[in-house]
Amino acid sequence: MNRLYDMEPRVMDDEMLKLAVGEQGPREEAGQLAKQEGILFKDVLSLQLDFQNILRIDNLWQFENLQKLQLDNNIIEKIEGLENLTRLVWLDLSFNNIEAIEGLDMLVNLEDLSLFNNRISKIDSLDALVKLQVLSLGNNCIENMMNIIYLRRFKALRTLSLSGNPVAEDEDYKMFICAYLPNLVYLDFRRLDDHMKELAEMKHQYSIDELKHRENLMQAQLEDEQARREELEEHKAAFVEQLNGTFLFDSMYAEDVEGSKLSHLPGVGELLEAYKDKFVIICLNIFEYGLKQQEKRKAELDTFMECVQEAIQENQEQGKLKIAKFEEKHLLSLNAIREESELSNIETKIVEYSEDITELLNVLMMLEMQLVEQLEETINMFERNIIDLVGLFVENVQSLMAQCRDLENHHHEKLLEIAINVLEKTVKGEMDEDLPDDLRSLFVDKDTIVNAVGASHDIHLLKIDNREDELVTRVNSWCTHLLDKVHKDEIMRNRQRVKEINQYVDHAQSELDSLECGDLLD
Amino acid sequence: MEVLKEKVEEEEAAEREEAAERAERGEKTKRPMEVRRGEATMTQEMLRDLERKLSEIEVSVPEKLLTFTKDTIDTSKLPFSYQSNTLKEEQLLQVADNFSRQYSHLCPDRVPLFLHPLNECEVPKFVSTTIRPTLMPYPELYNWDTCAQFVSDFLSMVPLPDPLKPPLYLYSSTTVLKYQKGNCFDFSTLLCSMLIGAGYDAYCVNGYGSQDLCHMDLTREACPLTMKPKETVKEQEKAPPKKYAIKPPRDLTSRFEQEQEVKRQEVIKAEEENRKKQEEARLLEQENAKTDPLHGLRVHSWVLVLSGKREVPESFFIDPFTACSYSTQDDHFLGIESLWNHKNYWVNMQDCWNCCKELIFDLGDPVRWEYLLLGTHKPFLSLTEEEDEGMNDDDDVENLGKEDEDKSFDMPPSWVEQIEISPEAFETRCPNGKKVIQYKKAKLEKWAPYLNNNGLVCRLTTYEDLECTKALEMKEWYQNREDMLELKHINKITGLNVDYFKPGHPQALRMHSYKSMQPEMDRVMEFYETARVDGLIKREETPKTMTEYYQGRPDFLSYRHVNFGPRMKKLALNSAESNPRPMVKITERFFRNPATPADEDVAERVFLIAEERIQLRYHCRSDHITANKREFLRRTEVDSKGNKIIMTSDMCISFEVEPMEHTKKLLYQYEAMMKLKNEEKMSRHQAWESELEVLEILKLREEEEEAHTLTISIYDTKRNEKSKEYREAMERVLHEEHLRQVEAQLDYLAPFLAQLPPGEKLTRWQAVRLKDECLNDFKQRLIDKANLIQARFEKETQELQKKQQWYQENQVTLTPEDEDLYLSYCSQAMFRIRILEQRLSRHKELAPLKYLALEEKLYKDPRLVELLKVFV
């Protein structure tokens with residue numbers, strides 16, 4: 001770049017920004033006002049900083065509501081410092097020295113991006129810009145045609161310019177873009193005609209079809225994953241995730257070294273199978289019961305919310321009615337006071353009027369208090385019911401878990417029996433089959449084998465206990481959270497309403513006061 | 001007259017006897033006096049009185065009667081079945097006579113049956129065969145109500161020649177439809193035919209009706225059109241209270257006081273009702289003051305529709321004169337002698353002491369209804385009953401069986417032709433397309449469509465009094481109007497006119513209510529808002545205000561109210577257009593715009609133009625009960641140094657529910673105010689445009705009222721001039737095409753072939769000769785034609801020369817008129833000569849070509865081509 005080398009690079013400081021804001025702010029009468037008051041950076045919607053010899057983007061964090069930013073014709077080398085400008089729609093960074101696209105991940109509202117005349121060689125890091133419509137990348141160093149495929153993800157992209165890049169030299173350049181970006185309307189500031197598009201499509205049909213197929217596959221995979229995740233979420237909300245299969249059972253044996261060794265004993269295999277079947281059935285029972293209970297809880301919560309909403313709505317309507325009535329009267333009486341000339345009359349009227357205001361306050365407050373009482377009762381009822389529901393759920397799950405434990409105990413006894421039998425046999429040397437070496441090592445004496453079986457049993461019980469504990473704690477904490485939130489919401493609502501009423505009444509009173517002052521002055 | 005008198009006396013005597021008998025039998029039935037008032041106590045004086053009254057009644061009737069006697073009917077064109085009886089019909093008549101004899105023997109105190117009156121050809125026909133069930137091709141006539149309405153509209157009523165007896169003649173529906181008039185029997189026969197054809201279980205009834213019924217007198221009936229449809233009060237089902245529904249606050253009012261209040265209200269209400277009732281009773285008495293001396297004796301015929309078929313839930317009567325339906329318990333129907341359909345005839349054996357109220361219409365019950373023919377499809381009442389009877393009386397059953405054999409033959413097919421109504425007649429409906437019905441305090445006039453050139457089809461006038469002198473209001477229905485006017489409602493007392501329009505008015509007008517067509521008066525206009533770009537629903541005007549209601553606008557405007565001040569006195573030539581009234585206040589309301597937050601979304605803005613103030617009220621947030629307010633004073637003031645004050649904080653007073661930082665800024669307020677100023681301008685402009693639009697609509701309405709053009713459907717081939725022309729043109733074109741084709745098919749060889757013996761194959765020599773002859777002939781024709789033209793040319797030239805010669809000789813003595821004549825002759829002659837010359841030269845040019853063409857054609861002619869091939 002051969003421009004502006006002789007000038008010093010400048011820093012984006014407050015002064016520069018203030019100057020720019022002031023210059024670009026409102027004009028004439030409004031400008032005078034603006035000068036009087038000063039403009040806050042966060043109120044600025046559009047900012048122009050071209051030909052300022054800026055090297056580094058900085059100091060822009062205050063411009064929260066900025067929608068249009070022009071930084072063209074500077075010597076910027078890196079895109080940075082734009083993280084706070086989330087409302088940005090229009091960004092111009094043309095005629096700079098940028099080498100890579102970066103730092104745009106927060107600009108989700110961006111629709112128009114210009115990076116014309118820079119040193120960019122690769123199109124990427126634009127994933128966050130889902131609303132992108134116009135992209136200008138002319139006069140850069142993009143060489144690889146495959147960069148264009150990256151642009152397929154921008155469904156709203158209508159205008160693209162890439163002329164002046166090495167890639168545009170390619171004779172297939174236009175066709176390729178037409179084929180791979182069928183939604184594009186303007187390329188290099190020219191409209192693409194339909195005929196051209198058809199031709200391009202025909203030419204690149206095979207590769208596009210393949211690409212599309214791959215994209216579809218990806219999409220389907222993503223959707224699948226999404227669905228699975230959602231399902232799991234749902235199960236988690238019911239606190240019975242991964243109980244609809246052998247997961248718990250498998251986890252019991254995952255860390256159980258002795259157990260897997262022991263499963264090689266004769267007869268244990270069948271025993272294990274039967275045990276697994278029964279165990280899984282109980283797990284499934286828990287799972288289904290959990291889902292059912294979840295639905296019940298949800299229905300309960302929904303009715304409660306609906307009723308509370310209705311009550312609040314009704315109350316609000318009443319309040320609005322009261323206020324509307326008051327306002328009507330308010331206008332009339334204010335006018336009457338204004339027009340009255342007799343001082344004594346004015347005073348009586350003012351007194352009357354302030355009585356009205358107090359009455360309004362009383363009425364509104366009474367309504368609110370009434371609602372608070374009603375809601376409190378309802379909330380208490382809901383609390384009782386939901387606690388009952390949760391309690392029932394926990395109880396039932398615990399009894400089902402106890403069944404699991406029974407099964408485990410039973411299995412343990414059987415296993416012990418077999419183990420002792422085998423031990424006896426080995427001791428007597430009647431053992432026909434060959435046992436694996438590590439298993440054989442257990443059958444040294446009775447204590448060893450009993451310990452091994454016992455250890456396995458302990459692990460299993462621990463797993464079951466853990467799962468049960470987890471479920472119970474989670475459901476209880478959910479319950480407390482929910483109730484907390486309900487209470488808190490209600491308190492918030494109440495405070496807000498009281499504040500609102502007071503504010504309104506204060507306003508009415510102050511209006512009256514100002515009138516009084518005016519009258520007295522007159 | 002004498003005969004009638006005697007007859008009446010006889011009847012009265014019979015009645016008296018009957019009454020006496022009944023008394024003897026000890027029937028302690030308390031007859032209501034209304035039904036047969038004073039029959040038993042008829043004295044000689046009363047009879048005389050009656051005579052006098054009767055003669056009065058008779059006086060008015062004869063002219064009418066004369067108009068529809070047998071003499072006026074042209075019987076010569078009627079089919080044969082009308083003029084004679086078939087064998088089966090003869091047999092039926094005998095059966096009927098036999099039945100009649102037995103009946104008169106068994107019930108000597110009853111009037112003879114109405115069985116086989118004469119038809120228009122003086123032939124006795126059984127009543128059932130006069131019914132000709134026909135399904136009409138018009139879908140409008142598929143239901144009983146429209147069917148009855150059609151019959152009552154289509155025919156004009158002729159009273160019975162003798163109000164106390166059934167008529168001697170019963171004409172076929174063909175004749176009745178042709179002359180469009182008839183008595184009640186004609187009416188009910190026609191209606192019954194149509195109803196049975198449409199699938200109803202309908203019967204003609206011969207019975208006794210009230211005077212109003214028999215004279216088609218509706219003056220004591222309220223018009224059905226004036227009755228308001230009963231509002232069906234649908235009680236919204238209250239959803240059962242939900243589980244967590246809040247409890248209502250405790251009611252702290254005294255229940256005792258409430259009860260006392262309710263009691264007091266009830267007492268007041270009861271008093272009022274009492275008064276009302278008394279008033280009504282008094283009115284009723286007045287109305288009923290005139291009672292009919294012949295009550296219960298007047299013969300009438302109507303139609304009974306039994307339940308069962310066509311989903312009729314309950315049996316009912318239709319009066320064919322008025323097309324009204326009545327329940328079978330109605331007071332107007334005083335008794336039934338007999339009834340019949342196209343299959344059978346039943347005689348009523350039940351007692352009609354209490355009108356028709358206690359009659360049971362179970363025609364299968366032989367005790368209540370004596371049938372004429374057995375073996376019809378009416379099922380018996382119930383099987384068990386019949387069996388019981390059978391057990392008790394075996395003989396009876398046998399007898400019945402025998403009778404069965406004797407009489408079991410079907411009703412012969414109807415002698416009447418199928419009922420036909422031409423589309424024109426169907427559309428015209430009423431005789432001459434016009435009908436007037438007088439109701440109680442109302443008059444209904446009907447016209448056929450297109451009869452009135454302003455499209456009026458129906459007019460209902462309601463009156464304040466019974467004599468119909470003071471009109472209350474008028475409703476006029478229109479059809480086929482180009483301005484889509486449908487109904488005009490004129491209130492005579494308030495002078496309020498309301499016009500209703502169908503969709504399609506050029507200004508999308510739906511309703512227009514006004515007192516005068518002058519602008520700036522009270523008026524309401526409603527619009528079809530979907531047809532308008534600006535979504536206007538309604539515009540109300542009073543002399544000082546204009547209110548507009550909108551729906552579905554992109555700027556969410558819902559309401560605009562404009563107050564006008566008094567007009568400035570400026571110039572003499574003030575019109576509403578050039579000098580609009582100044583606007584004092586504009587109030588606009590908006591729907592909630594979901595795209596913006598509620599506390600920035602204006603709900604109402606008021607431009608107080610005179611006070612230079614603007615008031616804004618914002619929408620209320622969903623969880624709040626108060627809304628933002630803002631008031632701008634847009635007075636431009638000057639400070640002490642003479643500088644203009646742009647904006648100060650007291651120029652904008654605002655109340656915010658949740659105070660925000662940026663709205664406090666003067667800049668924000670200034671910008672808001674500037675925007676509002678612009679919007680005020682816009683609103684004023686729009687209000688002004690609305691005013692203009694009103695003027696325009698009024699002008700348009702006046703023009704439309706004056707022009708009142710009617711639209712004609714493109715499917716209406718009879719009236720649609722354009723399509724008619726087009727069709728005729730098409731026909732003409734077709735005809736010409738046909739002629740040309742005929743010409744083209746002319747065989748140029750035919751005259752030559754005719755000379756040869758037919759059927760033989762041509763030899764080559766013959767073919768060659770044929771060809772040569774044909775060509776020669778054609779050559780001759782061409783030469784002849786040339787000669788003819790030449791001859792004419794020469795003749796014209798000679799004549800012209802002669803004339804010129806004559807002119808030159810007499811040039812001096814000629815009058816200017818003669819000279820003019822000569823000159824015009826010359827120019828015409830010259831023209832003719834030139835044309836002839838042209839024709840000749842053209843002929844010379846074309847003749848050889850034509851000749852060659854013919855030769856070619858001959859060579860290619862399929863009949864000659866084989867034989868001439870060699871020579872080519």
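Chain letters run A, B, ... following the sequence lines, proteins first, then strands; residues in each count from 1. Below, each value reflects all heavy atoms present in this structure, side chains not excepted, and no hydrogens, waters or symmetry copies.
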K.L.:
Centroid separation under 6.0 Å, is that true for the rings of B/Phe590 and B/His619?
P.N.:
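Ring centres of B/Phe590 and B/His619 not closer than 6.0 Å.
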K.L.:
If I measure from the heavy atoms of chain B, does A/Glu310 come under 4.5 Å with its side chain, its backbone, both, or neither?
P.N.:
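Contact with chain B: side chain only.
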K.L.:
Count the heavy-atom pairs under 4.5 Å between each of A/Lys499, A/Gln496, A/Lys320 and chain B, then report the option with the highest count.
P.N.:
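The answer is A/Lys320.
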K.L.:
Report, by ascending residue number, the residues of residues 293-303 of chain A in heavy-atom contact with chain B at a distance under 4.5 Å; give 'none' if the set is empty.
P.N.:
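Near chain B, by residue number: A/Glu300, A/Thr303.
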K.L.:
Using a heavy-atom distance cut-off of less than 4.5 Å, which residues of residues 487-495 of chain A contact chain B?
P.N.:
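Result: none.
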K.L.:
Just so I know, are the side chains of B/Lys544 and B/Phe564 near enough to count as touching, which here means a heavy-atom distance under 4.5 Å?
P.N.:
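No; the side chains remain at least 4.5 Å from each other.
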K.L.:
Does a salt bridge link B/Glu604 with B/Arg589, judged by any charged N lying under 4.0 Å from a carboxylate O?
P.N.:
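Judged by the 4.0 Å cut-off on N to carboxylate O distance, B/Glu604 and B/Arg589 do form a salt bridge.
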K.L.:
Measure A/Glu306 against the heavy atoms of chain B and call it side chain, backbone, both or neither at under 4.5 Å.
P.N.:
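Side chain only.
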K.L.:
Between A/Glu352 and A/Lys349, does any side-chain N to carboxylate O distance fall below 4.0 Å?
P.N.:
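Salt bridge: no.
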K.L.:
So, applying side-chain hydrogen bond (donor to acceptor under 3.5 Å, both in side chains) with B/Gln686, which one of B/Arg560, B/Glu691, B/Glu588 is it?
P.N.:
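Running side-chain hydrogen bond (donor to acceptor under 3.5 Å, both in side chains) over B/Arg560, B/Glu691, B/Glu588 with B/Gln686 returns exactly one hit, B/Arg560.
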K.L.:
Please classify the contact between A/Gln316 and chain B as side chain, backbone, both or neither, with a heavy-atom cut-off of under 4.5 Å.
P.N.:
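For A/Gln316, the contact with chain B is made by backbone and side chain together.
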K.L.:
Need one label for A/Leu40: side chain, backbone, both or neither, based on atoms under 4.5 Å from any heavy atom in chain B.
P.N.:
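Interface part for A/Leu40: both.
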K.L.:
Which value, rounded to the nearest 0.5 Å, describes the distance between B/Thr587 atom OG1 and B/Arg617 atom CZ?
P.N.:
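Taking OG1 in B/Thr587 and CZ in B/Arg617, the distance rounds to 11.0 Å.
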K.L.:
Considering residues, nucleotides and ligands other than B/Glu257, do more than 12 of their heavy atoms fall under 6.0 Å from its CD?
P.N.:
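It does not: B/Glu257 CD has 12 such atoms or fewer within range.
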K.L.:
Name the region of A/Leu364, side chain, backbone, both or neither, that has any atom closer than 4.5 Å to a heavy atom of chain B.
P.N.:
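The side chain, not the backbone.
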K.L.:
Look at the side chain of B/Arg539 and the backbone N and O of B/Tyr549, then say whether any donor-acceptor pair between them is shorter than 3.5 Å.
P.N.:
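No; zero donor-acceptor contacts below 3.5 Å.
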K.L.:
Taking the six-membered ring for Trp and the full ring for Phe, Tyr or His, determine whether the centres of B/Tyr550 and B/Phe556 are under 6.0 Å apart.
P.N.:
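When the ring centroids of B/Tyr550 and B/Phe556 are compared, they turn out to be at least 6.0 Å apart.
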K.L.:
Please tell me whether A/Phe304 and A/Phe382 form a close aromatic pair, meaning their ring centres lie under 6.0 Å apart.
P.N.:
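Yes, ring centres under 6.0 Å apart.
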K.L.:
If you count heavy-atom pairs under 4.5 Å between each of B/Glu656, B/Lys629, B/Glu671 and chain A, which one has the most?
P.N.:
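Sorted descending by pairs with chain A, the first entry is B/Lys629.
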K.L.:
Donor-acceptor pair, A/Asn109 side chain versus A/Thr86 backbone, under 3.5 Å?
P.N.:
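Indeed, once roles are kept as given, a pair shorter than 3.5 Å links the two residues.
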K.L.:
Using heavy-atom distances under 4.5 Å, tell me whether A/Gln503 contacts chain B through its side chain, its backbone, both, or neither.
P.N.:
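It is both, since atoms from each part get that close.
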K.L.:
Show, in sequence, the C-alpha distance, side-chain angles and deciding distance for A/Trp478 and A/His481, and conclude whether the ring pair (Phe, Tyr, Trp, His ring centres under 6.0 Å) test is met.
P.N.:
CA-CA 5 Å; A/Trp478 173 81; A/His481 269 136; 9.8 Å; no
K.L.:
So does A/Ser354 get a backbone contact from the side chain of A/Thr358, meaning a donor-acceptor N/O pair under 3.5 Å?
P.N.:
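Such a contact is found between A/Thr358 side chain and A/Ser354 backbone.
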